[in-house]
Amino acid sequence: MDFLQHTQRQKTGVRPRQIVFEKENTENTYISWKDKMKPRIDLEDGITQEEYQYLASRWNEMLSLAETIIWQNYLDPNSDDLMSEVDSFPDIRYLTGNYYVGDVSYGYVYRDKKNRPYQIKKGRMRHKYHNGKEWVEEWLPMDSPEITRYYQIIFSLRLTGDANGQEDDYMGLDLEAEFLKLDDPIEFEILSHDVI
């Protein structure tokens, strides 16, 4: 699309609409628009089938929350946060409003009392960070009362655009939720958005 056509497009705003693909993702691989397959599902170590089934039963709730985030942050034409200058990203004028779920990860995250993340490593809990000069590791025993285990869902969406006059992948949007109990409310936060 040339500069003149781009500047004449309006920030009209369309409501989010999920595209559901019927083709099975038999290899459970990452997908793109051209694949037109069901999402990849990643069950991290430790998640039981019962936990997964319960979390998966909340699918419609997760979609509703995701659509609210998409609308408020990327599609609402009255938002002052949306960029509409040439070469800005994301540009509301390119978004179709269509999205699909690319992959979903169900797992755990471990945090200490200061909310720092830990991973299980060598039979212990490890927090690794960079102090500006080098990597530093802090270790705690697996049964440390300092550590709380949370459920973690990472919901990876693909928003489509029509920058070339044809619908295609435009933006990846990763949402993250952490909660203590399976039936706790899910509250997604934007983890990242990027060009795809």
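Basis for what follows: all heavy atoms, side chains included, without hydrogens, waters or symmetry-related copies. Owing to the predicted nature of the structure, the values given are computational and were not obtained by experimental measurement.
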Query raised in the report: Can you name the nearest heavy-atom pair linking Y74 to I69, along with the distance?
Result: CD1-O, 4.1 Å
**Report entry** Plane angle bin for W33 and Y100 - parallel if under 30°, tilted between 30 and 60°, otherwise perpendicular
**Finding:** tilted
Query raised in the report: Within the side chain of T29, is there an N or O that forms a donor-acceptor pair under 3.5 Å with the backbone of N25?
Result: no
Query - Residues, nucleotides or ligands: over 12 heavy atoms within 6.0 Å of E187 CD - result: no
Query raised in the report: Taking only residues two or more places apart in sequence, or in another chain, which ones meet R124 in a salt bridge (charged side-chain N to carboxylate O under 4.0 Å, His left out)?
Result: none
Query raised in the report: Are W139 and V109 grouped together when hydrophobic residues (ILVMFWY) are joined by side-chain heavy atoms under 4.5 angstrom apart?
Result: no
Query - K121, NZ atom: more than 12 neighbouring heavy atoms under 6.0 Å - result: no
Query - Least distance between heavy atoms, Y106 atom then A56 atom - result: OH-CA, 4.0 Å
Query - Residues Y30 and D42: side-chain donor-acceptor under 3.5 angstrom - result: no
**Report entry** Stepwise side chain to side chain contact (heavy atoms under 4.5 Å, CB included) test for L175 and I154
**Finding:** CA-CA 6 Å; L175 306 176; I154 298 178; over 6 Å; no
Query raised in the report: Can E189 and E176 be said to form a side chain to side chain contact (heavy atoms under 4.5 Å, CB included), step by step?
Result: CA-CA 5 Å; E189 293 184 5; E176 178 189 31; 5.5 Å; no
Query raised in the report: P185 and F179: which non-hydrogen atoms are nearest, and at how many Å?
Result: O-CB, 4.1 Å
Query raised in the report: In Å and rounded to the nearest 0.5 Å, what is the OH to CG distance from Y94 to D162?
Result: 8.5 Å
Query - Point-to-point distance, once rounded to the nearest 0.5 Å, from CG of L173 to OG of S192 - result: 7.5 Å
Query - D103: salt bridge (charged side-chain N to carboxylate O under 4.0 Å, His left out) partners, not counting sequence neighbours - result: R158
Query - 4.5 Å side-chain heavy-atom contact, M142 and I147 - result: no
**Report entry** T160 (side chain) donor-acceptor with T96 (main chain) under 3.5 angstrom
**Finding:** no
Requested in this report: Looking only at non-hydrogen atoms, find the nearest pair between I186 and L65 and report the distance.
Outcome: O-CD1, 3.3 Å
Query - Euclidean distance, Q18 CD relative to S64 OG, rounded to 0.5 Å - result: 11.5 Å
Requested in this report: May I ask whether I19 and M62 are part of the same hydrophobic cluster, defined by side-chain heavy atoms of I, L, V, M, F, W, Y residues being less than 4.5 angstrom apart, directly or through others?
Outcome: no
Requested in this report: Please round to the nearest 0.5 Å and tell me the distance separating atom CZ of R126 and atom CD of Q119.
Outcome: 5.5 Å
Query raised in the report: So do Q166 and D168 actually touch side chain to side chain, heavy atoms under 4.5 Å?
Result: no
Query - Residue pair E44 / G107: nearest heavy atoms and the distance that separates them - result: OE1-CA, 3.7 Å
Query raised in the report: Which heavy atom in M37 sits nearest to a heavy atom in I31, and how many Å separate them?
Result: O-CD1, 3.1 Å
Report task. Mind telling me whether H193 and F89 have parallel, tilted or perpendicular rings, with 30° and 60° as the class edges? Result -> tilted
Query raised in the report: Same hydrophobic cluster for L191 and I70, using side-chain heavy-atom links shorter than 4.5 Å among ILVMFWY?
Result: no
Query raised in the report: Should Y108 and Y150 be marked as a ring-ring contact (aromatic ring centres under 6.0 Å, His included) after you check the CA-CA gap, both sets of side-chain angles, and the distance that decides it?
Result: CA-CA 6 Å; Y108 301 120; Y150 297 91; over 10 Å; no
**Report entry** M171 side chain near Y99 side chain, heavy-atom distance below 4.5 Å
**Finding:** no
**Report entry** Single-linkage hydrophobic cluster, 4.5 Å side-chain cutoff, L140 and V136 together
**Finding:** no
Report task. Can you sort out the partners of R58 under salt bridge (charged side-chain N to carboxylate O under 4.0 Å, His left out), two or more places apart, ordered by chain and number? Result -> E61
Query - side-chain contact (heavy atoms from CB on, under 4.5 Å) partners for Q53, two or more places apart - result: Q49
Requested in this report: Report the residue from N98, D91, V195 that forms a side-chain contact (heavy atoms from CB on, under 4.5 Å) with Y170.
Outcome: D91
Requested in this report: Start with the C-alpha gap between W59 and V101, add the side-chain angles, then the distance that decides, and say whether side chain to side chain contact (heavy atoms under 4.5 Å, CB included) holds.
Outcome: CA-CA 11 Å; W59 187 258; V101 180; 3.8 Å; yes
Query raised in the report: How many angstroms lie between OG1 in T68 and CG in D76, if you round to the nearest 0.5 Å?
Result: 11.5 Å
Report task. Could you tell me which residues satisfy side chain to side chain donor-acceptor pair (under 3.5 Å) with D35, sequence neighbours excluded, listed by chain and number? Result -> S32
Query raised in the report: Could you walk me through whether L95 and V14 pass the side chain to side chain contact (heavy atoms under 4.5 Å, CB included) check?
Result: CA-CA 8 Å; L95 290 166; V14 290; 6.0 Å; no
Query raised in the report: With a 4.5 Å limit on heavy-atom distance, are the side chains of V104 and I153 in contact?
Result: yes
**Report entry** Pair E51, Y151: side-chain N/O donor-acceptor within cut-off below 3.5 Å
**Finding:** yes
Query - Listed once per pair and sorted, the salt bridge (Lys or Arg N to Asp or Glu O under 4.0 Å) pairs that draw on residues 108-119, sequence neighbours left out - result: R111-E178, D112-R116, R116-E138
Report summary line: So CG of L55 and CG of D183: to nearest 0.5 Å the spacing works out to 10.5 Å
**Report entry** Within-4.5 Å side-chain heavy-atom neighbours: I120 and M125
**Finding:** yes
